[in-house]
Amino acid sequence: MLANVRILRFDPSADARPYHKEYEYRFEDYMTVLDVLCQLAGEQDSSLCFHYCCRSGHCGLCGLLVNGKPYLSCHKAAENGMTLAPLPGFPVKRDLMIDRRPHEDARGKLRLFLERESSPDDPIETIDMARFAGFRQVSRCVECLCCTAVCPVWTNRPHLFVGPALLATEARLFYDSRDTQKRALISKSSGLEQCVGCGQCTRVCPQDADPAKAIADMRTN
Amino acid sequence: MRRYYADIVVVGAGGAGLIAAAEACLHGGSVAVVSKGKAGRSGATVMAPGGVAAVHGLWSKDGDSKRLHEADSYHGGGWLNDQVLMGRVVDEIGDVLISLEKMGALWQRGPDGKTLLLKTDAGHSHNRSLFLEDRIGREMMKALCGELARRNVPVHDEIMLTNPVVRDGRILGALGFDVNTLEGVLFESKCLVLATGGCGMVYSNTTNPTDLTGDGFLFGLQAGARLCDMEFVQFYPLSMLFPESYRGVICATAMYSRLFNSEGERFMKRYDPARMENATRDYISRAIMHEVTQGRGSPRGGVFCDCTHNESGFFKRFLNHDYKLQLSAGVDMRKDRFEVAPSSHFMMGGLTVDSFWQSDVVGLYCVGEAAGGVHGANRISQNALSDILVSGVVAARHAAQTARKLERPFLAPGVLTKLTEEISSLVRSRDGITPSAQRAALRAVMWEKAGVLRSDASLREALRRLEELEKQPLRLGHGGSWVNREILHAFENKALFATARAIILSALARTETRGAHYRSDYPQTDEKWLKNIILTPTGGKLLVSAEDVRFSRMKKGEAIC
Ligand SMILES: Cc1cc2nc3c(=O)[nH]c(=O)nc-3n(C[C@H](O)[C@H](O)[C@H](O)COP(=O)(O)OP(=O)(O)OC[C@H]3O[C@@H](n4cnc5c(N)ncnc54)[C@H](O)[C@@H]3O)c2cc1C
């Protein structure tokens, strides 16, 4: 059976603006969006560009919009007539591949490493288990950026709010009972208080990392 | 072109590469990381769900000991392991895991917040693996990426290194290209630590991420380093066959499964009646492929897996990830049987290294899955992460010392010309097969002729077909030079060909069955073969030889206490 897909394409080195291109592909039961893209690139159009590495949800590189909603393309079932576009708000490298550089650059000021006055001699430290639950949950984040792409605050005020993905990453250290850095303060400088608590980020998270809860916890300390 | 210098350049941003970089910082000198994929989002480490095996006075119990860990590893490895290397791994991994926690990782603890929890998996006589939920690898990578940020280590990602620069038996640097712009990149360094991981992509079915194409093996051979144990490829028995993008992804655990052939027979009873589906990975993989080749396979070339006998609630507790994965392929594991097949999981072989993980080339170190010898003929579970961490640390420490003794190399930018010309001519190639068709054909040949089951005839057939395939010219689709993934694939294919050839030549030479290597024409283990097969690059060819194993720490049959 043949199915259709519409893909938003853009080669910044050649095109003036993005445009939609329609393709027909061989539909097979249970194929994922990633399967569709691999089939198109392998058989019809090798210039089609998209990013992925692990094929199973760990690398966080294959996020995109399917009919306007963000998903990991490796975990999303393909549909006839779907429209694919890159995650919005980020510069486009080519076609469905976003440029992650701005995101990576923003990591620097968040001091995303364990910091403390001194490291105790005890080789295995006792940690606060209540906080450990929070640590484990946000540590699931693979920074696929689906949450940041749908965040209304980040979309409208990218210079005032660093976005839920990076705040969840910061929260990993906030929940680490060994860390003595002022994580809430750092987050504040990155716009923590701009969050409107809409919960969109948590709803689209493919890893169940619950960024909304992490942000709320950092706000109430 | 771009040009960089660091005293120590680490190639590859998986666990082995990042811990090597972190360790090298502590010993003075400048350090840089270069990686084909994104740091923390490429390679196998970030995918590892299970655990990391480590015996340490602070957490081990029940009479467990380093000696026992070592003995388990040799038993699993068919006694071909390099005992000096494995001994180091076993002795040092505990302390490395403690320092990784100090960097920022946390391992799973009991309710007191202090007792580390331990688990086990195939091949270990005791519970000795630390873990965190079902994502130990991701946790390690988070801690290591943080550590490199703390130390301001430059990470040049999305650069594929393709060629070493060697003079008088010493490494001087490496050449590669930016995978986005195709621009040539030149690295000069006193020492280079290769941490490019394995080569799962050489087979149609693999658990590995798509960037593991054996690049380090080709790089090492070009530098003049030898390879060892390349016939030993571990196949994980139960992986998915569809949808295509999930081909090879791990999807079930043998001990919770019952396996049936197309005639509805629980066939393990013919292969291993005592252990059935509790048999080791290599036995199950072989049994499945025997059924397939004898015409009793499932429609897509595997067998049927049934988990329905497990109590309800079991799926949520133990197989949550597998359950969700199967559901997305339309399978409800609580009710349905599903197709499974073996999948290439881990490369035991790799570049030959000394006791500090230095290769035959001065200043060229090789760590993690790219190095050979540690695991012998078969790796037991959860030992890979132990290996990559210890090898990274030991090599970095030694490289820092070596670097202090060496002069800073300078290379004329002209060394890049050949590579950049090759790239431009590839961009214009219009006749032949596409890199993706070439790769698919190579992987199929390897799967069918040099995979789980091998024979002299099948291996020779594979060699012949690969030779033909490699001769065909390439046709590239779109000619642009901005983010042209086809160029990347074409270069990776070269490494796949070199790796495939190394696997085949070694497998042909080993006329016995041992560990993960099964020869249907030599189905028995032969004590004469307590040897490692070595490939030496000479005049564009690979010279095959065998060296006796040195039992420097433990002898087969020795009582361990
Ligand atoms: C799905 C899966 C689950 C696993 N589970 C476990 C487990 O539970 N326990 C365990 O002990 N082991 C496990 N293993 C094995 C273990 O994860 C790997 O052996 C280990 O992570 C390898 O680490 P590495 O650092 O050597 O290489 P990798 O982590 O694979 O990293 C290789 C790096 O090199 C880069 N690279 C490759 N080629 C080039 C080039 N030409 N130029 C520049 N850079 C390059 C890659 O982009 C990547 O960054 C698992 C493996 C897989 C695939």
Side-chain angles (χ1 to χ4, degrees), chain A residues 11-14 28-32 34-35 38-39 41-43 45-47 49 52-56 58-61 73-78 93-95 97 100 104 107-108 111-115 119 123-129 132 135-136 139-140 142-143 169 172-173 176-179, chain B residues 37-38 40-44 46-47 58-59 95 98 101-104 106 109 111-116 132-133 135 137-139 142-143 145-147 149-150 180 209-211 242-246 248-250 325 328-330 434-437 440 476-486:
Chain A
D11 174 358
S13 74
E28 284 155 22
D29 282 344
Y30 306 114
M31 73 196 299
T32 62
L34 179 59
D35 281 308
C38 291
Q39 191 194 99
E43 297 174 12
D45 187 346
S46 62
S47 72
C49 215
Y52 75 108
C53 184
C54 77
R55 307 175 288 142
S56 48
H58 304 277
C59 70
L61 292 173
S73 63
C74 68
H75 277 176
K76 170 70 181 153
K93 233 185 205 174
R94 185 165 180 157
D95 300 331
M97 192 188 270
R100 299 177 62 96
E104 282 154 15
R107 295 171 67 97
R111 304 188 70 82
L112 296 172
F113 41 85
L114 175 61
E115 278 196 286
S119 178
I124 299 171
E125 296 168 47
T126 305
I127 56 162
D128 177 336
M129 289 303 279
F132 189 47
F135 175 93
R136 289 197 333 244
S139 295
R140 289 179 198 153
V142 295
E143 290 176 64
T169 311
R172 173 180 153 90
L173 292 144
D176 187 335
S177 56
R178 302 168 299 174
D179 190 89
Chain B
K38 285 270 179 199
R41 353 206 136 265
S42 57
V46 75
M47 301 173 71
L58 286 170
W59 58 76
D95 288 335
I98 290 172
E101 264 213 350
K102 298 284 180 195
M103 281 180 204
L106 279 176
R109 281 163 162 74
D112 63 355
K114 169 122 179 123
T115 312
L116 293 178
L132 184 68
E133 295 189 337
R135 47 181 177 78
R138 196 181 297 171
E139 180 65 9
K142 280 181 194 274
C145 287
E147 187 63 15
R150 183 203 314 275
N180 293 314
T210 45
D211 58 337
F242 79 102
E244 195 53 37
S245 61
Y246 283 163
V249 170
I250 294 174
L325 197 67
S328 66
T434 63
S436 90
L476 270 76
H478 75 111
S481 60
W482 171 244
V483 203
N484 184 336
R485 307 300 277 185
E486 282 195 295

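Residue numbering restarts at 1 for every chain, and letters A, B, ... go by the order of the sequence lines.
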How about [X] and [Y]: do any of their side-chain heavy atoms sit closer than 4.5 Å?
{"X": "A/R100", "Y": "B/R41", "answer": "yes"}
{"X": "A/R111", "Y": "B/R150", "answer": "no"}
{"X": "B/K142", "Y": "A/L112", "answer": "no"}
{"X": "A/P12", "Y": "B/W482", "answer": "yes"}

Ion pair [X]/[Y], N-O distance below 4.0 Å:
{"X": "A/R136", "Y": "B/E139", "result": "no"}
{"X": "B/E133", "Y": "A/R140", "result": "yes"}
{"X": "B/K102", "Y": "A/E125", "result": "yes"}

What option among A/V142, A/T169, A/D179 has the most heavy-atom pairs under 4.5 Å with chain B? A/V142

With sequence neighbours left out, what residues match A/F132 under ring pair (Phe, Tyr, Trp, His ring centres under 6.0 Å)? A/F135

Looking at B/G137, B/A440, B/G330, which one has more heavy-atom pairs under 4.5 Å with chain A than the rest? B/G330

Aromatic plane relationship, A/Y30 with B/F242 - under 30° parallel, 30 to 60° tilted, over 60° perpendicular: tilted

For [X], is it the side chain, the backbone, both, or neither that has a heavy atom closer than 4.5 Å to a heavy atom of chain B?
{"X": "A/S139", "result": "both"}
{"X": "A/D11", "result": "side chain"}
{"X": "A/E104", "result": "side chain"}
{"X": "A/D176", "result": "side chain"}

To the closest 0.5 Å, what do you measure between OH (B/Y246) and NE2 (A/H75)? 4.0 Å

Under the side chain to side chain contact (heavy atoms under 4.5 Å, CB included) rule, collect the residues that match up with A/D95, sequence neighbours excluded. A/R9, A/L48, A/C49

